Amino acid sequence: MLDEMTAQMTRAPGFVAALDQSGGSTPEALRLYGIPDSAYSSETEMFNLIHEMRLRIITSPAFFGNKIIAAILFEKTMDSAVEGESIPSYLWRGRHVVPLLKVDSGREHEHDGVQMMKPMPGLDTLLKRAVGKGIFGTKMRSVVRLPSRSGIAAVVAQQFDLAKHIASYGLTPIIEPEVLITSPDKEGAEAILRDEIIKGLESLPANVKVMLKLTIPTVPDLYKPFVESPNVMRVLALSGGYSRGEACAELRKNKGVIASFSRALVEDLRVHMTDAQMNDHLARSADEIFQASVNKQ
């Protein structure tokens, strides 16, 4: 099973669905889905509503491994079941979609132009559970706003240190230092980020592979060295606040990079839709992102 998942993540045409909205991003995701803040009065109710949305998505006939090669899950989703089967197992066995897991605990306040990840005291316990549930890899997100060489170096070093630890569990880590599309110097920050990631890749043992999830760069093919690196299984692009149309148009400019979209994937979905309507909208969204992802592979 591991070899088959590895082959799919390395070579299969398609994209990664990001379904890992956490506490900070869930309210906005629900609003876009048509559920106002007034519809819930506690965090538990909020997460139950987003969980119901995720279940509608992953059980849709449009959610299948012929286009969606993997899905990034929130911890609560990993621990849940659908049709009597754990969701990671359901995704792989029933949909041929590789299950991945968000493991970070959020970000610190901005310092030196970046937001580092918060400490993860329960990481080892979470990784052991993930392995037991058939998770293939993990995702963790930092944020870069300014072209600060020291700040970006610190973000990348933290990401790679944790990636090496995660890889020791047999999991493939996704490194995600997101450069905000609202950065006053996005291009400058991305140039520094590329240089720091190259250093991080050079520090990896030969047998460790990672995936990189990066903001679509201002300069097309800026991240081509990562696509060609023997230590990189896949380079993924996040939508970062772009609409699906904008994100797909920018993605097409970057050879070998595939999408890992969240909001851009589900932007047309609404809670009041019938299952047939939702399936139709999700199918069209998946097809558009798929075409952008395979266009220059």
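What you see is a predicted model, and the numbers here were worked out from it, not measured in a lab. Along the sequence shown, residues are numbered consecutively beginning with 1.
- Under a hydrophobic-cluster definition in which Ile, Leu, Val, Met, Phe, Trp and Tyr are linked whenever side-chain heavy atoms come within less than 4.5 Å, directly or via other members, V16 and V98 are assigned to the same cluster.
- Looking only at side-chain heavy atoms (C-beta outward), V232 and L201 come within less than 4.5 Å of each other.
- Residue pairs that meet the salt bridge (Lys or Arg N to Asp or Glu O under 4.0 Å) test with at least one member in residues 156-176, sequence neighbours left out, are K139-E176.
- Looking at E178, its side chain never comes within 3.5 Å of a backbone N or O of V144 through a donor-acceptor pair.
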Between V97 and M5, is the side chain to side chain contact (heavy atoms under 4.5 Å, CB included) condition met? List the steps. CA-CA 9 Å; V97 172; M5 287 186 181; over 6 Å; no

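- For the atom pair L265 CG and L19 CG, the distance stands at 7.0 Å (nearest 0.5 Å).
- Checked for salt-bridge contact, K199 and E202 miss the test: no charged N lies under 4.0 Å from a carboxylate O.
- Side-chain atoms of T215 come within 3.5 Å of backbone atoms of V179 as a donor-acceptor pair (strictly under, hydrogens ignored).
- In this structure, E52 contributes its side chain and L49 its backbone to no donor-acceptor pair below 3.5 Å.
- Atom CG of residue L214 and atom OG of residue S260 lie 10.5 Å apart, to the nearest 0.5 angstrom.
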Test S80 against H51 for side chain to side chain contact (heavy atoms under 4.5 Å, CB included), laying out the working first. CA-CA 9 Å; S80 300; H51 181 64; 3.3 Å; yes

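- Of the possible donor and acceptor atoms, none in the side chain of R145 sits under 3.5 Å from a partner among the backbone N and O of P184.
- Judged purely by atom type and a 3.5 angstrom limit, H281 uses its side chain to pair as donor or acceptor with the backbone of Q277.
- Taking each heavy atom of L32 and R263 in turn, the nearest pair found is CD1-CD, 3.1 Å.
- If you run salt bridge (charged side-chain N to carboxylate O under 4.0 Å, His left out) between R93 and each of E83, E4, E85, only E85 comes through.
- The shortest distance between side-chain heavy atoms of E267 and F261 does not fall below 4.5 Å.
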As a quick check of understanding, evaluate side chain to side chain contact (heavy atoms under 4.5 Å, CB included) for I197 and F226, giving each step before the final call. CA-CA 9 Å; I197 291 177; F226 307 151; 3.5 Å; yes

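- Note that NZ of K253 and OG1 of T218 are 9.5 Å apart. Values are rounded to the nearest 0.5 Å.
- Here the shortest heavy-atom pairing between D112 and S148 reads OD1-OG, 2.8 Å.
- The heavy-atom pair separating F15 from A259 by the smallest distance is CB-O, 3.3 Å.
- Taking the six-membered ring for Trp and the full ring otherwise, the centers of F47 and Y40 sit at least 6.0 Å from each other.
- Between S243 and A264, the shortest heavy-atom distance links the atoms C-CB, 4.4 Å.
- Smallest separation of non-hydrogen atoms from Q159 and P177: NE2-N, 4.3 Å.
- With hydrophobic clusters built from ILVMFWY side chains whose heavy atoms lie under 4.5 angstrom apart, Y242 does not share a cluster with I258.
- A distance-only check finds no donor-acceptor pair linking the side chain of N231 to the backbone of L204 [under 3.5 Å].
- Using a 4.5 Å heavy-atom threshold, the side chains of L73 and L91 count as touching.
- Hydrophobic cluster membership is shared by L269 and L30, with clusters built from Ile, Leu, Val, Met, Phe, Trp and Tyr side chains linked at under 4.5 angstrom.
- Side-chain N/O atoms of R194 and Y223 include no donor and acceptor closer than 3.5 Å.
- Residues L238 and M117 are members of separate hydrophobic clusters, defined by side-chain heavy-atom contacts under 4.5 angstrom among Ile, Leu, Val, Met, Phe, Trp and Tyr.
- No side-chain heavy atom of I87 sits under 4.5 Å from any side-chain heavy atom of P99.
- In this structure, R149 has no side-chain hydrogen bond (donor to acceptor under 3.5 Å, both in side chains) partners at least two apart in sequence or on a different chain.
- Summarising the geometry, atom CD belonging to E190 is positioned 10.0 Å from atom CD1 belonging to I216; distances are rounded to the nearest 0.5 Å.
- A distance of 5.0 Å separates CE of M140 from CG of L162, quoted to the nearest 0.5 Å.
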Show me, pair by pair, the donor-acceptor contacts under 3.5 angstrom made by side chains of residues 56-71, not counting sequence neighbours?
| residue | atom | partner | partner atom | Å |
| --- | --- | --- | --- | --- |
| R56 | NH1 | Y33 | OH | 3.1 |
| R56 | NH1 | V271 | O | 3.2 |
| R56 | NH2 | M273 | O | 2.9 |
| R56 | NH2 | D275 | OD1 | 3.1 |
| T59 | OG1 | L55 | O | 2.6 |
| S60 | OG | A62 | N | 3.1 |
| S60 | OG | N279 | OD1 | 2.9 |
| K67 | NZ | D287 | OD1 | 3.0 |

Would you please test K118 and S105 for side-chain hydrogen bond (donor to acceptor under 3.5 Å, both in side chains) and show each step? CA-CA 6 Å; K118 291 180 178 178; S105 302; over 6 Å; no

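- The closest donor-acceptor contact from the side chain of R107 to the backbone of R141 lies under 3.5 Å.
- We find that R31 and D37 are joined by a salt bridge, their nearest charged nitrogen and carboxylate oxygen being less than 4.0 Å apart.
- The shortest distance between side-chain heavy atoms of F74 and R54 falls below 4.5 Å.
- Between the CD1 atom of I192 and the CD1 atom of I152 there is a distance of 4.5 Å, given to the nearest 0.5 Å.
- Between A237 and L251, the closest heavy-atom pair is CB-CD1, 3.8 Å.
- Side-chain contact between V210 and I174 is absent, with no heavy-atom pair separated by less than 4.5 Å.
- Between the side chain of S229 and the backbone N or O of P225, no donor-acceptor pair lies under 3.5 Å.
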Throw together a table of side-chain donor-acceptor distances under 3.5 angstrom for residues 122-135, partners on residues two or more places apart or in other chains.
| residue | atom | partner | partner atom | Å |
| --- | --- | --- | --- | --- |
| D124 | OD1 | H165 | NE2 | 2.7 |
| D124 | OD1 | Y169 | OH | 2.5 |
| R129 | NH1 | E75 | OE2 | 2.8 |
| R129 | NH2 | D79 | OD1 | 2.7 |
| R129 | NH2 | D79 | OD2 | 2.4 |

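- Within the 3.5 Å criterion, the main-chain N or O of S41 finds a donor-acceptor partner in the side chain of E45.
- No chain of hydrophobic side-chain contacts below 4.5 Å, direct or via other Ile, Leu, Val, Met, Phe, Trp or Tyr residues, connects L222 to L146.
- Residue pairs meeting the salt bridge (Lys or Arg N to Asp or Glu O under 4.0 Å) criterion with at least one partner in residues 204-216, sequence neighbours excluded, do not occur; the list is empty.
- For the residue pair E288 / S285, no side-chain donor-acceptor distance below 3.5 Å is found, with atom types taken as modelled.
- Between the side chain of S89 and the backbone N or O of S86, no donor-acceptor pair lies under 3.5 Å.
- The side-chain heavy atoms of Q115 and E108, taken from C-beta on, include no pair separated by under 4.5 Å.
- With sequence neighbours left out, the side-chain hydrogen bond (donor to acceptor under 3.5 Å, both in side chains) criterion links S42 to no other residue.
- P13 has its side chain within reach of F290: a pair of non-hydrogen atoms, C-beta onward, lies under 4.5 Å apart.
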Intermediate values then yes/no, side chain to side chain contact (heavy atoms under 4.5 Å, CB included), M211 and M233: CA-CA 5 Å; M211 289 182 272; M233 183 175 291; 3.9 Å; yes

